[in-house]
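This report concerns only the one structure given below.
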Amino acid sequence: MPIGSDPLSELAIPDGTTVEEHDLVTDGDVIIGGQSTVEFGVRGRSVIADERVRFGGHIEAEGDCRLDMWCDVEDNVLVGEDAYIGERVHIGGELRVAGDLDIGDDVDIENGFEANGWIVIRNPMPTIVFLFVYLSQLLRIGEDEAAQSLVDEMLGDDADDHDPILVPRGASVSDDAWRVSTPATIGDDCRLHGNIRAESMEVGRDNVVFGSLRAREDVLVGKGTEIKGDVTTRNGDVRVGPGTKVWGDISAKTVELHENATVDGKIRAREGMRMHTDEVLDRPDESAAAMAEMAEELESDSDTPTETDVGAPEDGDDDDSGDDPPDETETAADASDREDTAEASD
């Protein structure tokens, strides 16, 4: 995560995120802004929630779990490393922590808690507040490298491998709709349920969205994505990439449709429509790059000479140079046999 920008200024769904049986599943971290509602259960590496976040399911964190004050979790909270629970948090199930537990006052855990490490009961500073205070002090004294190291440590050792899910403040996420007042960016190879509502929207490649897209500004839909609903923008443009299929209508100021895209419904473009043959996304296509790299490796392997290619004898072959080559001329015995056969036929 780059230092110097607000990490919760947009809804960001990284590559490979899926919704599985009412669970939001990702290989990276989940960071949720304050006063948001997430009706899904959450499964990820580390889960960080600002104050007054409500979860409609359970939380499973392979790493740390940090819940600020007044958070509400309807079901269990299972943590693979350490847990930081702010004051007046409510957990409707049980809390299990493999590492240390730092817990505040007036925390309500209906089915009890268990921790394998140290248990400290106090009022820990809200996680988001602590992070921004600490980071601001490091940046103020010019310790940019230390600030970046802190962020990398908070997001895990493999933070560069998996981008986190970022949910902005005041968002609502459910099977019915994902509602944010900020821009939204969806990565590649995602499978999401619910209508998506945002300020503007960029949907990556090879996704399946079981719902509609609606934004105030521009909407971009990348290659091979399926939108099982309408695509609508109030004041912006809609650009649709190659191989995309929209199962509903498209409505926008202008519509740019790839010649290989498919729209089952109607297209309403107030200021016109045009066909194109370009990619609509500027970010690199990692799947295409991986396929090209694999093709290059296969090609290089096929160009490598083998023993057979350099003239080594194959199994069953005799490389004795003294062997006589096959004689294509007719021998005297063969000619005599043919003459005898001809006389007998006469």
Side-chain angles (χ1 to χ4, degrees), residues 1-2 4-15 17 19 24 26 30-33 35-38 163-174 176-242 244-258 261 263 265 267-274 276 278-285:
M1 182 185 300
S5 60
D6 183 359
L8 298 179
S9 60
E10 67 172 354
L11 171 67
I13 307 298
D15 297 349
T17 300
V19 175
L24 184 60
T26 181
V30 181
I31 304 176
I32 303 173
Q35 300 183 19
S36 296
T37 300
V38 179
D163 293 330
I165 291 179
L166 302 177
V167 180
R169 183 178 182 86
S172 176
V173 177
S174 69
D176 178 61
W178 300 52
R179 302 179 185 276
V180 299
S181 58
T182 64
T185 302
I186 299 173
D188 302 337
D189 301 306
C190 297
R191 185 181 178 90
L192 306 177
H193 292 259
N195 305 310
I196 301 178
R197 308 288 185 258
E199 180 70 20
S200 61
M201 209 172 305
E202 180 179 302
V203 182
R205 305 173 178 91
D206 301 316
N207 298 301
V208 180
V209 179
F210 293 91
S212 61
L213 308 180
R214 180 176 296 175
R216 293 183 180 178
E217 302 299 334
D218 295 344
V219 177
L220 277 67
V221 184
K223 179 183 68 177
T225 289
E226 285 191 64
I227 307 297
K228 297 184 180 292
D230 300 333
V231 178
T232 306
T233 174
R234 182 183 303 175
N235 303 317
D237 305 327
V238 171
R239 297 192 68 200
V240 179
T244 296
K245 182 167 184 178
V246 178
W247 293 75
D249 302 336
I250 296 181
S251 178
K253 185 171 63 176
T254 62
V255 176
E256 298 182 14
L257 187 68
H258 194 277
V263 179
I267 298 177
R268 301 179 180 88
R270 297 187 299 275
E271 298 184 9
M273 169 187 166
R274 77 174 185 90
H276 69 90
D278 303 325
E279 281 278 359
V280 298
L281 298 178
D282 295 332
R283 63 185 189 229
D285 188 346

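For the single chain, residues carry numbers from 1 onward in sequence order. Every value quoted in this text rests on a predicted model; they were computed, and no experiment measured them.
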Exercise for the section: Look at atom CZ of R283 and say whether more than 12 heavy atoms of other residues, nucleotides or ligands are closer to it than 6.0 Å. Expected result: yes
Handout entry: Flag side-chain contact, heavy atom, 4.5 Å: I165 against P14
Key = yes
Practice task
Search all heavy atoms of S200 against all heavy atoms of E217 and return the closest pair with its distance.
Solution key: CB-CB, 3.9 Å
Problem - Pair S251-R270, side-chain donor/acceptor within less than 3.5 Å - result: no
Exercise for the section: May I ask you to decide whether R239 forms a salt bridge with D218, counting only side-chain N to carboxylate O separations under 4.0 Å? Expected result: no
Problem - Flag side-chain contact, heavy atom, 4.5 Å: E10 against T185 - result: yes
Exercise for the section: Would you check if D189 and D15 make a side-chain contact, meaning some heavy-atom pair closer than 4.5 Å? Expected result: no
Exercise for the section: For the pair H193 and F210, name the ring-plane relationship: parallel under 30°, tilted 30 to 60°, perpendicular over 60°. Expected result: parallel
Problem - Heavy-atom side-chain proximity of K253 to D237 below 4.5 angstrom - result: yes
Practice task
Among V280, I186, L281, find the one that has a side chain to side chain contact (heavy atoms under 4.5 Å, CB included) with E202.
Solution key: L281
Practice task
Would you please test D249 and R268 for side chain to side chain contact (heavy atoms under 4.5 Å, CB included) and show each step?
Solution key: CA-CA 8 Å; D249 302 336; R268 301 179 180 88; 3.5 Å; yes
Exercise for the section: Answer yes or no: does atom CZ of R179 have more than 12 heavy-atom neighbours from other residues, nucleotides or ligands under 6.0 Å? Expected result: no
Problem - Heavy-atom side-chain contact between N195 and R214 under 4.5 Å - result: no
Handout entry: Enclosure of D282 CG (heavy-atom neighbours >12, cutoff 6.0 Å)
Key = no
Handout entry: Any side-chain heavy-atom pair of T225 and D206 under 4.5 Å
Key = no
Problem - Flag side-chain contact, heavy atom, 4.5 Å: P242 against E279 - result: yes
Completion exercise
When every non-hydrogen atom of V173 is compared with those of V167, the smallest separation belongs to CG2-CG1, 4.3 Å
Practice task
Could you check if a side-chain atom of L213 sits within less than 4.5 angstrom of a side-chain atom of V203, using non-hydrogen atoms only?
Solution key: yes
